[in-house]
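Here is the structure we will look at, set down as structure tokens.
Every value quoted in this text rests on a predicted model; they were computed, and no experiment measured them. Any value given below was found using the heavy atoms of this structure, including those in side chains, with hydrogens, waters and symmetry copies removed.
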Amino acid sequence: MEKLIYIIRHGETECNLNGIVQGCGIDSDLNQNGLHQSKLFYEHYQHEKFELIFSSHLKRSIQTVQDFISNGIPHIQDKRIREISWGEHEGKSGEPELMEKYFQILKHWGAGNYHARPIDGESAEELKHRIELFLEELTQRPESKILVCTHGRTLRAMMCLIQNIPISRMEDIQQRNTGLYKCRYSHGNWELLETNNLAHIHSMAKVYV
């Protein structure tokens with residue numbers, strides 16, 4: 001059976017705005033702009049007749065799709081699509097020593113060393129494994145149109161897996177708050193139809209120009 005899967009990153013939080021690392025250990029609410037982004041997404045896609053919604057268990061993910069949930073669409077909180085754990089970096093911003101460690105981790109991942117991890121954090125290999133399990137279940141669901149709300153790093157890794165490219169290329173994946181990746185799954189194959197689509201925000205911006 002063919003499926004259409006709409007995958008978005010959550011709306012903006014104050015941590016996003018201020019460059020503070022959240023990871024899965026910081027359970028932030030959406031800020032006013034994030035709530036506005038989510039409202040625009042809902043208004044743009046409310047007629048899509050989603051049969052199921054997946055979010056992580058984190059508030060910023062749930063709040064982004066709350067309008068759809070409030071309309072009675074079945075909703076599953078799945079910790080497998082939570083944000084990666086950034087360990088010692090969580091709740092902190094751009095201290096030089098931490099930034100150096102952060103970029104070293106990204107460098108390791110880009111070179112294919114997926115077992116590198118932040119102190120007290122999660123490796124890219126662990127992230128990859130839980131997303132693989134999630135995608136396997138997703139493809140076996142009976143629903144044909146599903147909305148998934150996840151997080152920035154998780155979305156990057158998920159798009160690599162869907163496109164069958166190594167997760168060493170995560171940094172190539174563009175993502176913005178409420179940016180949409182629309183995918184088709186059919187006969188064992190994924191097809192990426194839309195990439196980081198922000199039409200819901202841009203179309204409303206034109207109204208006010």
Side-chain angles (χ1 to χ4, degrees), residues 1-11 24 38 41-58 61-62 64-69 71-84 109-110 112 114-115 122-203:
M1 180 178 71
E2 181 176 295
K3 297 177 181 293
L4 288 175
I5 313 293
Y6 292 60
I7 304 171
I8 66 169
R9 183 187 174 197
H10 63 79
C24 66
S38 302
F41 184 86
Y42 172 74
E43 291 174 354
H44 198 84
Y45 293 101
Q46 62 182 308
H47 302 299
E48 287 295 333
K49 297 182 180 179
F50 295 117
E51 300 166 63
L52 180 65
I53 298 169
F54 278 101
S55 75
S56 79
H57 65 292
L58 298 170
S61 176
I62 299 168
T64 300
V65 291
Q66 185 58 56
D67 285 337
F68 294 96
I69 297 168
N71 269 355
I73 301 173
H75 170 225
I76 297 174
Q77 295 181 33
D78 195 318
K79 290 186 177 181
R80 293 174 298 183
I81 58 171
R82 68 186 183 274
E83 184 57 292
I84 195 169
W109 292 349
Y114 302 149
H115 294 284
E122 189 175 14
S123 71
E125 183 62 36
E126 290 168 319
L127 174 65
K128 174 175 177 284
H129 177 66
R130 59 178 165 88
I131 296 172
E132 286 174 335
L133 293 176
F134 172 75
L135 290 176
E136 181 179 358
E137 178 181 330
L138 189 66
T139 61
Q140 296 173 2
R141 298 282 316 187
E143 298 86 2
S144 60
K145 186 174 282 191
I146 299 173
L147 175 61
V148 177
C149 184
T150 185
H151 302 260
R153 179 59 51 179
T154 305
L155 187 147
R156 289 177 188 263
M158 191 178 295
M159 287 305 111
C160 288
L161 294 174
I162 283 174
Q163 295 178 86
N164 197 29
I165 60 177
I167 61 169
S168 58
R169 292 177 55 187
M170 284 190 286
E171 293 305 300
D172 295 339
I173 306 298
Q174 301 298 310
Q175 45 85 22
R176 296 279 299 278
N177 292 113
T178 68
L180 169 67
Y181 279 80
K182 183 178 177 181
C183 308
R184 177 186 292 121
Y185 181 80
S186 180
H187 304 292
N189 296 308
W190 286 96
E191 179 184 2
L192 187 58
L193 304 176
E194 297 177 16
T195 300
N196 197 31
N197 187 336
L198 293 165
H200 54 287
I201 293 176
H202 296 153
S203 61

Query raised in the report: side chain to side chain contact (heavy atoms under 4.5 Å, CB included) between Ile8 and Asn177: does it pass, once the steps are laid out?
Result: CA-CA 8 Å; Ile8 66 169; Asn177 292 113; over 6 Å; no

Query raised in the report: Which heavy atom of Gly112 sits nearest a heavy atom of Ser168, and at what distance?
Result: N-CB, 4.3 Å

Requested in this report: Measure from the side-chain N and O atoms of Lys145 to the backbone N and O of Lys49, and report whether any donor-acceptor pair falls under 3.5 Å.
Outcome: no

Query raised in the report: So, for Cys149 and Val65, which heavy atoms are closest and what is the spacing to 0.1 Å?
Result: CB-CG1, 3.7 Å

**Report entry** Non-hydrogen atoms of Leu52 and His75 that approach each other most closely
**Finding:** CD1-N, 4.4 Å

Requested in this report: Walk me through it: do Thr150 and Arg9 pass the test side chain to side chain contact (heavy atoms under 4.5 Å, CB included)?
Outcome: CA-CA 5 Å; Thr150 185; Arg9 183 187 174 197; 6.0 Å; no

Query raised in the report: Within the distance-only criterion (no hydrogens, no angle test), does the side chain of Arg156 pair as donor or acceptor with the backbone N or O of Ile167 below 3.5 angstrom?
Result: no

Query raised in the report: Do Glu51 and Ser144 have a side chain donor and acceptor closer than 3.5 Å?
Result: yes

Report task. Any chance you could measure Glu143, atom CD, to Leu4, atom CG, to the nearest 0.5 Å? Result -> 13.0 Å

Report summary line: Of all heavy-atom pairs linking Arg176 and Asn196, the shortest is N-OD1, 3.1 Å

Report task. Go through the structure and list residues passing salt bridge (Lys or Arg N to Asp or Glu O under 4.0 Å) with Lys3, not counting sequence neighbours. Result -> none

Requested in this report: Carefully, step by step, assess Ile69 and Ile53 under the rule side chain to side chain contact (heavy atoms under 4.5 Å, CB included).
Outcome: CA-CA 8 Å; Ile69 297 168; Ile53 298 169; 3.9 Å; yes

Query - Shortest non-hydrogen separation from Ala157 to Ile131 and the atoms involved - result: CB-CD1, 3.6 Å

Query raised in the report: Between Arg153 and Glu171, does at least one N-O distance fall below 4.0 Å, as a salt bridge requires?
Result: yes

Report task. Report yes or no: does His129 contribute a side-chain atom to a donor-acceptor pair with the main-chain N or O of Ala124 at less than 3.5 Å? Result -> no

Query - Worked verdict on Leu138 versus Ile146 for side chain to side chain contact (heavy atoms under 4.5 Å, CB included) - result: CA-CA 9 Å; Leu138 189 66; Ile146 299 173; 3.8 Å; yes

Report task. State, yes or no, whether a side-chain contact exists between Ile76 and Arg141 at a heavy-atom distance under 4.5 Å. Result -> yes

**Report entry** Heavy-atom check, side chain of Trp190 versus side chain of Asn164, under 4.5 Å
**Finding:** no

Report task. Consider only side-chain N and O atoms of His10 and Thr178, and report whether a donor and an acceptor are under 3.5 Å apart. Result -> no

**Report entry** Distance in Å, Met170 CE paired with Leu155 CG, rounded so as to fall on 0.5 Å steps
**Finding:** 12.0 Å

Query raised in the report: Does Thr139 use its side chain to pair, donor to acceptor, with the backbone of Glu136 at less than 3.5 Å?
Result: yes

**Report entry** Leu147 side chain near Ile7 side chain, heavy-atom distance below 4.5 Å
**Finding:** no

Report task. Heavy atoms only: give me the nearest Glu122-Trp109 pair and the separation to one decimal. Result -> O-CZ2, 4.0 Å

Report task. Using atom types as modelled and distance alone, determine if a side-chain donor or acceptor of Asp78 lies under 3.5 Å from a backbone N or O of Ser55. Result -> no

Query raised in the report: So, does Ser61 use its side chain to make a donor-acceptor pair with the main chain of Ser56 at under 3.5 Å?
Result: yes

Query raised in the report: Do the non-hydrogen side-chain atoms of Tyr6 and Glu48 ever get within less than 4.5 Å of each other?
Result: yes

**Report entry** Exceeds 12 heavy-atom contacts within 6.0 angstrom, atom CZ of Arg130
**Finding:** yes

Query - Phe68-Tyr45 aromatic ring centre distance below 6.0 Å - result: no

Query raised in the report: Does the side chain of Ile173 come within less than 4.5 Å of Gln163's, by heavy atoms?
Result: yes

Query raised in the report: Would you say Arg82's side chain and Lys79's backbone share a donor-acceptor pair under 3.5 angstrom?
Result: yes

Report summary line: Distance col, row Cys183:SG vs Ile5:CD1, nearest 0.5 angstrom, shows 7.5 Å

Requested in this report: Please identify each residue that fulfils side-chain hydrogen bond (donor to acceptor under 3.5 Å, both in side chains) with Glu125, with sequence neighbours left out.
Outcome: none

Query raised in the report: Between Asn197 and Tyr181, is any side-chain donor less than 3.5 angstrom from a side-chain acceptor?
Result: no

Query raised in the report: Given side chains that start at C-beta, do those of Glu137 and Arg80 come closer than 4.5 Å, heavy atoms only?
Result: yes

Query raised in the report: Is Val148 close to Phe134 at the side-chain level, that is, under 4.5 Å between some pair of heavy atoms?
Result: yes

Query raised in the report: Between the main-chain N or O of Gln66 and the side-chain N or O of Tyr42, is there a donor-acceptor pair closer than 3.5 Å?
Result: no

Query raised in the report: Can you tell me if Glu126 uses its side chain to pair, donor with acceptor, with the backbone of Ser123 under 3.5 Å?
Result: yes

